[in-house]
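Reminder, nothing fancy here: chain letters follow the sequence lines and each chain counts from 1.
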Protein chains: 2
Amino acid sequence: MPLSTSDRSLVEPVFRRLNVLRPLSAEARGLLEYAMVEGLQRAGPGEDLISEGDPVNSVRVVLSGWLCRYKTLEDGRRQIVNFIFPGETCDAHAFLLSVMDHSIATLTPAVYAEITRARFERLTWEDRALAEAFWCETLVNNAIQREWAINLGRRVALERVAHLFCEIFERLRPVGMTDGRSCNMPITQMDMADATGLSVVHLNRTVQELRASGLIVLRDRTLIINDLDGLRDAALFSPSYLQLYRLG
Amino acid sequence: MPLSTSDRSLVEPVFRRLNVLRPLSAEARGLLEYAMVEGLQRAGPGEDLISEGDPVNSVRVVLSGWLCRYKTLEDGRRQIVNFIFPGETCDAHAFLLSVMDHSIATLTPAVYAEITRARFERLTWEDRALAEAFWCETLVNNAIQREWAINLGRRVALERVAHLFCEIFERLRPVGMTDGRSCNMPITQMDMADATGLSVVHLNRTVQELRASGLIVLRDRTLIINDLDGLRDAALFSPSYLQLYRLG
DNA sequence: CGACGATTTGACAGGGCTCAAATCCTGTGG
DNA sequence: CCACAGGATTTGAGCCCTGTCAAATCGTCG
């Protein structure tokens, strides 16, 4: 199957990301690209791609749209435990365990590539750098998860929300989804509340406080960071856990 | 080097744990045991084994004692993001990234085995089940981290502390460190506070509330769970994320 | 016995939640 | 093009959960 230009630009975020973690050979890129284009899928907003308790039989690579990992309590309380942005992989290795411990849902319309477990294992078996790149992704995810723990456990509301904005911005940047000091912010305040462990009402008031301080503008599904250093200070944000730069 | 009986019993928790994740061959067990016994180390309580920002050049397997992963904010606020119990591995694959994003410290005196990166990679290269077992450990850690996110973000103090006790108990059980409905609890309330994102004062009051409800006894560094089902209900605890049982 | 850390208690303040309602936005159908 | 519906955002009021500060008590170890 020949690749169209639009397919190429669609899969580009994936390689941008993986390349930061491990330099990939042209062959590896070709094989992965081919596998992804064959498994292209679309989903609307608010769809569960996979739910807690489901067995895992494939790997999904997000090409466009925002997704989240979340868990819920019996009484409906929901916590978004991480976001998944274009170029990132859900569950690169989740099939090693028996079932999902959490759910994955789209927050916006999304395009992703679904690769069967067998095919994914063949790909990573044949190319060590590719395998390591995917493992590094999992490890970075782990690090993000830890940062979220301190965010939820030890930062106050204003710091938490500021930190969320810093993280989103820095994670979107390497895949080319920021524009100077602004980026798209296609999720609802409800989603932000569930990501920061706050109530919607208080999240809203906290966002207004950040607006009033002049650090950000959040309007029309767009986030503008007027003062990145200021926002970082307010958030006690230090991006090293994101492993944004080429490793040693 | 012939192994003494005491060495054997020391490394037993490691194999109990790994065997749940992947059945290991006698050869793999032998090689790993040998590597561990060669790298035995001791640490006192409250020692950092490795700190945020440090490069990683070895893998540590905990044989006895309790450790924690933690992060701190500039102003000193600390969040324990996970515990490490006997039989568990710190950083099985952290060397794939450049530096530690968090610190690891002992909460009690501890014995652990330090295996160089090269040796660890040789071991896991030669035995696929062993490699997968270690990867599964990392994935389970990931799942625990996610559960902590919902604990910190969406459970109230009483639920959080109850959940912490449930998790500790269930993680100690498979390595034989529980005794009926009780287990050792060698950490301070300060540590529990930093693990649950509460202040020490409020943690203390919450523990008293759990005591008053008759669900637990916590005294003399020992936790007795009088009513495990009741404690689980109070915690909204569901242990599946711990992957305690043999997979597929 | 003294010292120091851990636990506990008290008093008080405030950050964040809940409930409720108003307003704004967006997409849809007439 | 306008009316309307439903969701998202915003505002208000009141309360309570949790944090802070300070001091007392308990425990342990030298």
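Applying the 4.0 Å criterion to OP1 and OP2 of C/dT8, one finds that B/R211 has a side-chain N or O inside that range. Side-chain nitrogen and oxygen atoms of B/Q208 include at least one within less than 4.0 Å of the OP1 or OP2 phosphate oxygen of C/dT9. An OP1 or OP2 oxygen of D/dT10 is reached within less than 4.0 angstrom by a side-chain nitrogen or oxygen of A/Q189. Proximity of A/N204 to the phosphate of D/dT9: no side-chain N or O atom is located under 4.0 Å from OP1 or OP2.
Residue-level contact check: A/R221 touches the backbone only, with heavy atoms under 4.0 Å from sugar-phosphate atoms and none from bases. Backbone-only contact: B/T188 has heavy atoms under 4.0 Å from sugar-phosphate atoms and none from a base. A/G197 comes within contact range of the sugar-phosphate backbone alone, with a heavy-atom separation under 4.0 Å but no base atom that close.
A salt bridge links A/R77 and B/E159; the closest N-O separation between the charged side-chain nitrogens and carboxylate oxygens is under 4.0 Å. Between B/R171 and B/E167 there is a salt bridge, since at least one side-chain N of the basic residue sits less than 4.0 Å from a carboxylate O of the acidic one.
Between the CG atom of B/D191 and the C1' atom of C/dG5 there is a distance of 13 Å, given to the nearest Å. When the P atom of D/dT28 is taken as reference, atom CG of B/D220 falls 7 Å away, rounded to whole Å. Regarding B/M185, its CE atom lies at a distance of 12 Å from the P atom of C/dT7, rounded to whole Å. The CG atom of A/L203 sits 12 Å away from the C1' atom of D/dA8 (whole-angstrom rounding). We find that NE2 of A/H202 is positioned 15 Å from P of D/dT10, with the value rounded to whole Å. In this structure, the CG atom of A/L198 is 5 Å from the P atom of C/dC17, given to the nearest Å. In this structure, B/D194 atom CG and C/dT7 atom P are separated by 12 Å, rounded to whole Å. The distance between atom CE of B/M190 and atom P of D/dG27, rounded to the nearest whole Å, is 21 Å.
Among B/Q145, B/Q79, B/H102, the one residue that satisfies the side chain to side chain donor-acceptor pair (under 3.5 Å) test with A/R146 is B/H102. Paired with A/R69 under the rule salt bridge (Lys or Arg N to Asp or Glu O under 4.0 Å), one option of A/D194, A/D91, A/D101 passes, and it is A/D91.
Geometrically, A/R78 engages A/Y70 in a cation-pi contact defined by less than 6.0 Å to the ring centre and at most 45° from the axis.
Across the interface with DNA chain D, nearest-nucleotide mapping of B/V200 and A/L218 shows A/L218 to be the residue nearer the 5′ end. Map A/A157 and A/V201 each onto its nearest nucleotide of DNA chain C; the residue landing nearer the 5' end is A/A157. Remark on DNA chain C: of its neighbouring residues B/R205 and B/M192, the 5'-side contact belongs to B/M192, judged by nearest-heavy-atom nucleotide.
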